[in-house]
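Note sheet for the following structure.
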Amino acid sequence: MLSLLTVTLGVTTSAASKTGRPNILFLASDDMRPEMSPYGAEYMNTPNFQALADDGFVFRRAFVQQALCAPSRTVLLTGRRPDTSRVWTIGPYFRDTTGKNWTTLPQFFKNAGWRAIGHGKIFHEGNASGWPLDQDQEYGSWSVPYYHPPSDGYDTYNKTHPNPYPGIGKYNAPFSNLRVNEPWDSFNDAFSALRAIEWINNASKYDDPFFLAVGFHRPHIPYVYPAEFEFTGDTKFPPSNYYITKDVPPCAPHDWTGEGNGFTDLHVIKPPIIAHDFQKNLSSLCTAVPLEKQEEMKRSYLSCIQYVDHLVGQLVTALKTQGLYYNTHIIFWGDHGYKLGEHCDWFKHDNYEDSTRIPVIFRPAGGASTFPGRGRMIEQLVEEIDIFPSLIDLVGLTIPSNLQGKSWLPLIKDSSLAGKQAVFSQYPHSSQANHTPVMGYSMRTPEYRYTEWLVWDCNLMSPMSGCTDPSTVTPKWSQQIGRELYSHIGDNSTTTFADFENENLAYQSEYADTVAQLHTQLVAIWAKPEQ
């Protein structure tokens, strides 16, 4: 019989690690925006997300530093912003840029005595995390070999789902969305969850606590899901802001059709979805893809969220069955937001609220007495870069001074604290006028989103070829291409995917003082890269 042990946060257990330290279940999802019941989307069937929220805390205003998988995950897992890591796109590996000697989040806990175990998509796969031994395995981020789930075959054509258009589309690609009449446990995300459950079931064999990471690929396109989790409600498509943002700088919006054209069912649409001239007419994007097809895609996306909710429930049930739930911190986060037709666009790839706002749900170990106020919505601004130091703070260890985020543990303990005055995102685009690179530097305050598009000189795929010195990535504030200002005054809802950022106010005379004030604030506190 294990003796009762007290940990830093007052959590006691008889079925946890023999050290008494809390376990950590670290859950990530790819391309999931905060559209589930804890965020006010009562039309979604997400009881397991809701249960975590009821026993924990939901961050309503959590934002990524860049709305793209590899840069975003690099931020969270290294605790450094994109201008510090020089990772602004999918491809470069932070160990090859500026972070060779950095300690990653799982590596920190491994070094501190946790068993760091990874499944699915945590770091971005491939070159971005050290291919062929990716997920930063070569540099020791994990305690055991990383688990990559085998393909379930549902994201490619097979005898059950033959390709009706053989040879058409990039790489003979699958449909963008597909409902599959197969058991839930036959999909690759389920493979990751079930392997993680094996570790949970065998946790009592080990003296050390676990840092158990499970990364779900869904709801990333292709939106493939088991039929039992189909969303049957009203998709409310098209959204109310199915139009290009009024007075937006031409370099700011994103055109999703180039990526979408790689999926067979989108590729065969006539006229081709890439035939519109986005460079000359931004609004041409709004008629590029039939609304009926987009509505079908949205239904499939929401179905994928409901499926991920089920997998989260399986993991939590396993913790409870093994007597580990009480002594396990659980955090769920999405690697960036997502657009489902808002501004006529899909995916991410810009600085809009819908692209940068993410779900973050934290269920702390222990009972109600350890963290009073469970079930509360955290309204203060936070960033994904804050998750690394927050988890360290939660277990009572010293936060390294070189991490660029700030622990949100004080916000959980005291809801009256002000929190951050602003949070920051960025995204590289190109100028529509001459196709030169530009970077959009975006600041979200409690009342506004303000973005400046500036001339930018770095090579995305080879950032160290000309941007090694920190001075080369310092924003060129005097070389502005465009700016955006959006009011979020009155933005008190949890489901505001189409209600705001529909008219750029930056060039309206009555907002001149606001623009000047926010420009000064942006320049003054934009995080400088490490020397």
Side-chain angles (χ1 to χ4, degrees), residues 2 11-17 21-30 32 36-39 41 44-58 114-122 147 149 152 182-206 209-219 225-231 303-334 359-368 370-371 374-375:
L2 296 177
V11 179
T12 60
T13 181
S14 60
S17 68
R21 293 174 296 179
N23 300 303
I24 298 172
L25 180 59
F26 182 81
L27 305 176
S29 186
D30 200 358
M32 185 182 290
M36 63 270 286
S37 59
Y39 285 89
M44 292 290 291
N45 182 20
T46 51
N48 298 294
F49 285 134
Q50 189 63 56
L52 286 181
D54 291 343
D55 195 23
F57 302 87
V58 177
W114 275 254
R115 283 177 297 112
I117 309 161
H119 309 76
K121 185 175 181 180
I122 298 298
Y147 178 74
D152 53 33
E182 299 291 346
W184 69 265
D185 58 0
S186 63
F187 291 72
N188 61 350
D189 280 337
F191 299 158
S192 293
L194 293 171
R195 175 61 68 91
I197 288 172
E198 290 182 18
W199 280 104
I200 292 172
N201 292 342
N202 288 284
S204 62
K205 297 179 181 179
Y206 300 90
F210 58 70
F211 178 95
L212 188 63
V214 185
F216 302 112
H217 290 82
R218 288 166 179 80
Y225 62 96
E228 63 182 297
F229 297 102
E230 180 165 22
F231 175 74
S303 301
C304 286
I305 291 180
Q306 295 186 160
Y307 176 44
V308 172
D309 173 85
H310 174 75
L311 298 178
V312 169
Q314 295 295 310
L315 289 158
V316 172
T317 297
L319 290 174
K320 292 179 176 179
T321 300
Q322 297 301 322
L324 298 172
Y325 179 76
Y326 186 84
N327 198 53
T328 301
H329 293 306
I330 304 173
I331 186 164
F332 177 91
W333 61 280
V360 177
I361 302 174
F362 170 63
R363 182 269 171 192
T370 58
F371 281 98
R374 292 177 187 237

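The line from CZ of Phe211 to CZ of Phe26 is 5.0 Å long, rounded to the nearest 0.5 Å. Note: Arg374 CZ to Asp54 CG = 11.5 Å, rounded to the nearest 0.5 Å. To the nearest 0.5 angstrom, Leu311 atom CG is 10.0 Å from Phe187 atom CZ. How far CD of Gln322 is from CG of Asn202: 8.0 Å, rounded to the nearest 0.5 Å. Here the CG-CZ distance, from Leu52 to Phe332, works out to 9.5 Å after rounding to the nearest 0.5 Å. One finds the CE atom of Met44 at 4.5 Å from the CD1 atom of Ile305 (value rounded to the nearest 0.5 Å).
Looking only at distances, no side-chain donor or acceptor of Asp185 sits under 3.5 Å from a matching main-chain atom of Ala190. Proximity of a side-chain donor or acceptor of Thr328 to a complementary backbone N or O of Asn23 within less than 3.5 Å is not detected. No donor-acceptor pair closer than 3.5 Å links the side chain of Arg363 to the backbone N or O of Ala51. Within the 3.5 Å criterion, the main-chain N or O of Asn45 finds no donor-acceptor partner in the side chain of Ser37. Not one N or O on the side chain of Tyr225 forms a donor-acceptor pair closer than 3.5 Å with the backbone of Glu230. A distance-only check finds no donor-acceptor pair linking the side chain of His329 to the backbone of Ile24 [under 3.5 Å].
A 4.5 Å side-chain heavy-atom check between Ile361 and Pro38 finds at least one atom pair inside the cut-off. Residues Pro209 and Pro22 are not in side-chain contact: their nearest non-hydrogen atoms beyond the backbone lie 4.5 Å or more apart. Put simply, the side chain of Phe216 does not reach to within 4.5 Å of the side chain of Ser192, judged on heavy atoms. Residues Phe57 and Pro364 meet the side-chain proximity criterion, which asks for heavy atoms closer than 4.5 Å. Looking at Asp189 and Pro149, their side chains never come closer than 4.5 Å, going by heavy atoms from C-beta outward.
Contact record, Ala365 with Thr370: O-OG1, 3.3 Å, taken as the closest heavy-atom pair. The shortest non-hydrogen separation linking Asp152 to Asn188 is OD2-N, 2.8 Å.
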Next on the checklist: side-chain contact (heavy atoms from CB on, under 4.5 Å) for Asn48 and Val316? Distances and angles first, verdict last.
Outcome noted: CA-CA 8 Å; Asn48 298 294; Val316 172; over 6 Å; no

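Each of Leu315, Leu212, Val308 was compared with Leu27 under the side chain to side chain contact (heavy atoms under 4.5 Å, CB included) criterion, and only Leu315 meets it.
Between Trp184 and His310, the angle of the ring planes goes over 60°, which puts this pair in the perpendicular group of the 30/60° scheme.
Salt-bridge check for Lys320 with Asp55: failed, with every basic side-chain N at 4.0 Å or more from each acidic carboxylate O.
Both the sub-6.0 Å distance and the 45° axial angle are satisfied by Arg115 relative to the ring of Tyr206.
Centroid-to-centroid, the aromatic rings of His119 and Phe191 stay 6.0 Å apart or farther.
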